[in-house]
Amino acid sequence: MARWLTLALLLALPAAAQTLTKAPALLTPSEPRFPPARLDAGVGASVVMEIDVGVDGRVTKATVVQSGGADFDLAAVEAAQGLRFSPAEVDGQPAPVRIQYTSHFVVKAAAPDATPALDGGAPDAGPQINLLGVLRTAGNREPIAGAIVQAAGLEALSDERGRFELAGVPVGDVRITVSAPGHAPFAETEAIRPSERTEVTYYLSRTSANETVVRDVRERKEVAQVRLTTAEIRMIPGTNNDAFRVVQNLPGVARSPFGGGVLVVRGSKAWDSRIYVDEIQIPQLFHFAGLTATFNSATIERIGFQPGNFGAEFGRSIGGLVQGDVKTPSKSGVHGYADVNVFDVSALVEAPVSDSWSVSASGRLGLTQWVLPFALETFAPRAQASAGFGLAPEYWDYQLRAERKVPNTKDRLFVTLFGSSDRWAFLAPNPLLDGDVEGNVSAAGTAQLYNRLVFGADVRLGDGLRFVSRNAIGFDVNRQSGTVQEVFFESRQLPIQLRERLVWDVASAKLSFNVGLDALVTPTWFDAQRPPVFSPNQLPEPYVTRRLVAEQERTVFVEPGLFADATWTPTDWLLVRGGLRVDGELAVMRKLWLNPRLAVRVTPWKPLTFKAGAAMYEQPPDYRTGQLSAVFGNPGLLPEGAWHFTAGAEAKLFELLEVDLQGYYKALFNQARQTLASGLGSDLSIPGAATRFTSSGYGRAYGLEALVRVRPTKHFLGWVAYSLSRFERDYYGGVAFAPGPLDQPHNLIVVASVTFPLGFTLGGRFRVASGPLVTPIAGALFDTNANQYIPLPGLPWSERLPTFVQLDLRLDKRFTFKTWSLTAYVDVQNVTNTQNPEARFYNFNYTRSAFVTGIPILPTAGLRGEW
Amino acid sequence: MIARALGVVLVVALAQGCGASFPPETLVDSLRVLAVTAEPPEVGPGEPSSLSVLYADPSRVGGASTVLWVGCEPDPQDLGRSACNDATILLQPTKISDYPQGLQLLGFGPRASYKSTAQVFDVLDAGSPLRQSGTIGQVMALVVGEAVDPSATADKLRGYFERIEKKETQAVVALTRILVSEKPQADRNTNPPLGRLKVGGAPLPVGARLRLEAGATVDLSVDVPASAAQTYVEQRPTGPVTRTEKVVGAWYSTRGRFDRERFDVSGAPVTRFTAPGSAQFPDDLVPERRTGSLWLVVRDDRGGQAFASHSFFICDAAAAQPKILQASVSGEDVIVTGERLEGLLDVMVGDAALVRGAYDSVRQAFVGQRPAGVSGRVALTATTRRCETLRPPLELTLP
């Protein structure tokens, strides 16, 4: 008698490193035909195959990787075509996967004939279920689907909840073996008693902590986009497991000064790039000094980063985009984590509350308010003597989510409430008021708060037609206080974002449309008291506080947005994406603008894709800082604009290596900049330019970006990112054209992570980048009233400091228990203690200088418990 | 501006944390301007203010220096049109010789005078609060490390500036501001009065040198009357506010180290000065001639300034032990005779030292001019280079 057995093992394939969130489960078995000659001979065999399971659960391809003999192989492959699985899910979405599958051909002895009941009672109802149980992954208790349980020649397949049942297991000690995808083989002996049901729960250890998936799960439409998986995110040293910080290791992103939290995309200023969580814009990406993101990474399912040439569905930005998609809270039991390290403590709890609803709650509290003052006092007492914290950095964030997701569909409904707060103040000598006097210090501080309440829905309206809705209301506070008492700038905002779009896939026409509304209405209250803004070429007035200007302004910034985006794939090798977007600001600027976008991807040979794009982008000037204010800015400013041009190629070699290479050119126009008061390039002769800002700034950015992702085995992850980037802008009203402050020609990042037996993971990050730019000081003027020297700057940002080189290492050790796991980690930044210059520090009269170097060797340790 | 201030603070903190170390601001070892006083510091439109500059250059003892003064007309509307706060002009002093609009040459030498036009506020409404709160007249003192001919032609003057621009000649630019307002005279700012320097709690005789053992520390303090901190009315966005000035003192010296660079005079604080030659500051050596200068500048936070100059001497145990035998007055000179008088440091009559007192080897006497304000019968005392005090039984009668 021929018996078949499946053993489905997920392979960690390198192609598009993404996370398998749901394994395929066998729904319809297909018994192979036992070759008659072999059966007669009483010879069995096993055939190991790799089979590709499509998004519909059907087997699209079966390949023998371990032969059991030609006739067995043929029978196994034939039978595999009839298998049906539940679709696998990658990052929460149905996806094709490749699994390992073994057919066992077992010759069994004939069963004895049934013996009639001697008592003439009821006929035998067949063997009763007397062994049943649940299979779970040790450490996180996730149910294991598709596992094979064997006992005394009997087999059972675990279902989606990890349950299995066996009937007629012989009484006595029986050896149970379990084979499960991605898990180590498991064996146990159970004592089966007569007339009793034995119930068991088995916890199986994972064989790979970072299994990832298969192929392109989504059709790639962008010409410049990198997606990251949680596995990639969690293995990168120096990022504190933070998905958003990992973005800083990608091409197109410059190293931020002092390793801080500024996201510098292709040399652009921070305002030019936007951060979205579930398509909702958030105003602040990182907490204090870039230690960690303001949105807990553990709740993020997927990160997408586009340094430019993004489609029409996003606008109001002339730089890049970072998008984070929040994952559906656990639907398979209560899960979560708690993490404590030197900088903060954080935790997450998620659980299902019904078949369709699940909830999650997470939060983070910074420890810097205690750690940094202690560190300063201990390691830098000299600094503490002259400058310290008036308010040590405090930060926290929170995320609450409830989601209803209909099983086996993409339909979902969710509500998310999240927010973040940062507050800190430095005690500092008062540079304007002869304040070096002992005890005469004042605080310069900042406070940033944002909250968002998001309502989201994904609804299938019909065949190929989907409605995606994201609406949010928020409350933001941004307050900055100067070193001089009574100087402050505060803005409170109530941003309301309305984003409704229809996604329509017209399969017959090979067209896909994405059209929608993307509006942002921002009631804003300014409360400011500060001196008149000095022009860049003006010496500061020491008595500025005598001329304070107070402003209380209430403004509503109205930014409508309409977009239409179409993707046409007439053949397998061509994808054309075009779109139009209308943006504007109607309340203050009273302007609308129309931006076209176009991108093409050509795949002449499957592993190789050429891509190109051209698009126009415009954004309002940074109104959060008052650039559109009638008092401190100029309401007549034009939208800041940029043309993006990109061309490049992607190649996937042997599913081990992925190469992405692209060049870009970005032309910037109508950039808001401060007016120049007098002297070289003065704007005072320009009619109407007596206001503080003009739109006459311009610049350009160009460069080359390369990303090589390597995944030779499932135990290794790594990439090499290189950016050749230039950013140039005008100075002195166009008299000079020179590198911008964030220009960084070379940035090479090598990231690698290796998993070892016994739960060890070792990761490394090596960075070499052009040194930061500083403005040389050409001289100094002694201000006798203020008793200080005023530096006289040379050409802005014209001195480049020495090259930055840094190696970071991270070691994780994971202890896996039955129901939870504990990871201890040590993350050492700047292992070689390289003194990387980050700035110049001058003596009192600017005649001598020294480098201010970045972080020294910085070991941090932490513990993370997950259940 | 706020962000820039935060950045500065961060860089300062990090730099100090990283151990970046420079000679202290109090140490004057090259051409430095230490103060520019305007008397009075606040004037009405069209009224003059006398300017004087305190500068020093220990690196070129006896070398010629020239002070060149330029000023700018106030900018009451705060349009940023003043050439005096244009960084591009300050970086290229040759532009000064082009006399940009609004810039005027005030003169050469250690003193000058500045006044705005009498019509400076005509551009404002009669009731503008700016007339009372005032506007700023800016003055730049350019101290050049060479002799500049005041009668130089424009071309020759340009040559000086070119050498400065090329850094072939040492030069320092100092900016001071004179408040121009229509306030009543009684409400205007005045320069803070400066009292006597005290060493170890005892007043230093006027004009006398501090005597310091090498490497020793002494407590320095200064008397500044409480009236130096004037009260005034400031126009704030929320309305007029009465404030009191903060008066701050700053020390400078050619050698030695202070334990603080600045101090709030209202607290009558004591500054500890460590004389050169201490083990604590090994690079602070005793000067070859064992002499140095010490300055104190006091500023209020509205532009008022005052300064005092002192000299110090590092005691020399190997110096001769002088003996005073006689003292006489001849006109303005006081003549002291005795034995080994080259060992004398200062001779005091009453509470003041002889002006420019020194041993005259030709006359074999210690000769100095009588100090101003001292008259009548006064006792004579002397200090020696060995840091001893001599109290000969001599008295002088000064007319």
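What you see is a predicted model; the values in this text were computed from it and never measured. Every chain is numbered from 1, with letters handed out A, B, ... down the list of sequences. These numbers come from the heavy atoms of this one structure, side chains and all, not from hydrogens, waters or symmetry mates.
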Check whether [X] gets within reach of chain B through its side chain, its backbone, both or neither, counting any heavy atom under 4.5 Å.
X: A:Phe844; answer: side chain
X: A:Tyr789; answer: side chain
X: A:Ser849; answer: backbone

Heavy-atom donor-acceptor pair, B:Arg262 side chain to A:Asn787 backbone, under 3.5 Å: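 Confirmed, B:Arg262 side chain pairs with A:Asn787 backbone.
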Donor-acceptor contact below 3.5 Å, side chain A:Thr784 vs main chain B:Leu175: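 Present.
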Other residues, nucleotides, ligands: >12 heavy atoms within 6.0 Å of A:Arg479 CZ: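 Counting neighbours around CZ of A:Arg479, more than 12 heavy atoms of other residues, nucleotides or ligands fall under 6.0 Å, so yes.
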B:Arg163, CZ: over 12 other non-hydrogen atoms inside 6.0 angstrom: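 Enclosed.
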Choice from B:Pro23, B:Ala250, B:Ala141, B:Ala38 maximising heavy atom contacts with chain A below 4.5 Å: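 So the answer, after comparing B:Pro23, B:Ala250, B:Ala141, B:Ala38, is B:Pro23.
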Ring centre gap for B:Phe22 and A:Phe841 strictly below 6.0 Å: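 Yes, they do, as the ring centres are separated by less than 6.0 Å.
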Stepwise side chain to side chain contact (heavy atoms under 4.5 Å, CB included) test for B:Arg177 and A:Asp783: CA-CA 9 Å; B:Arg177 299 168 177 85; A:Asp783 184 331; 2.7 Å; yes
Chain A contact via B:Leu179 - which portion, at a heavy-atom distance below 4.5 Å: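 Nothing of B:Leu179, per the 4.5 Å heavy-atom cut-off to chain A.
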Under 4.5 Å from any heavy atom of chain A - which part of B:Pro41: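 For B:Pro41, there is no contact with chain A at all, as no heavy atom is under 4.5 Å.
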Distance (rounded to the nearest 0.5 Å) between A:Asn785 CG and B:Arg302 CZ: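 Taking CG in A:Asn785 and CZ in B:Arg302, the distance rounds to 12.5 Å.
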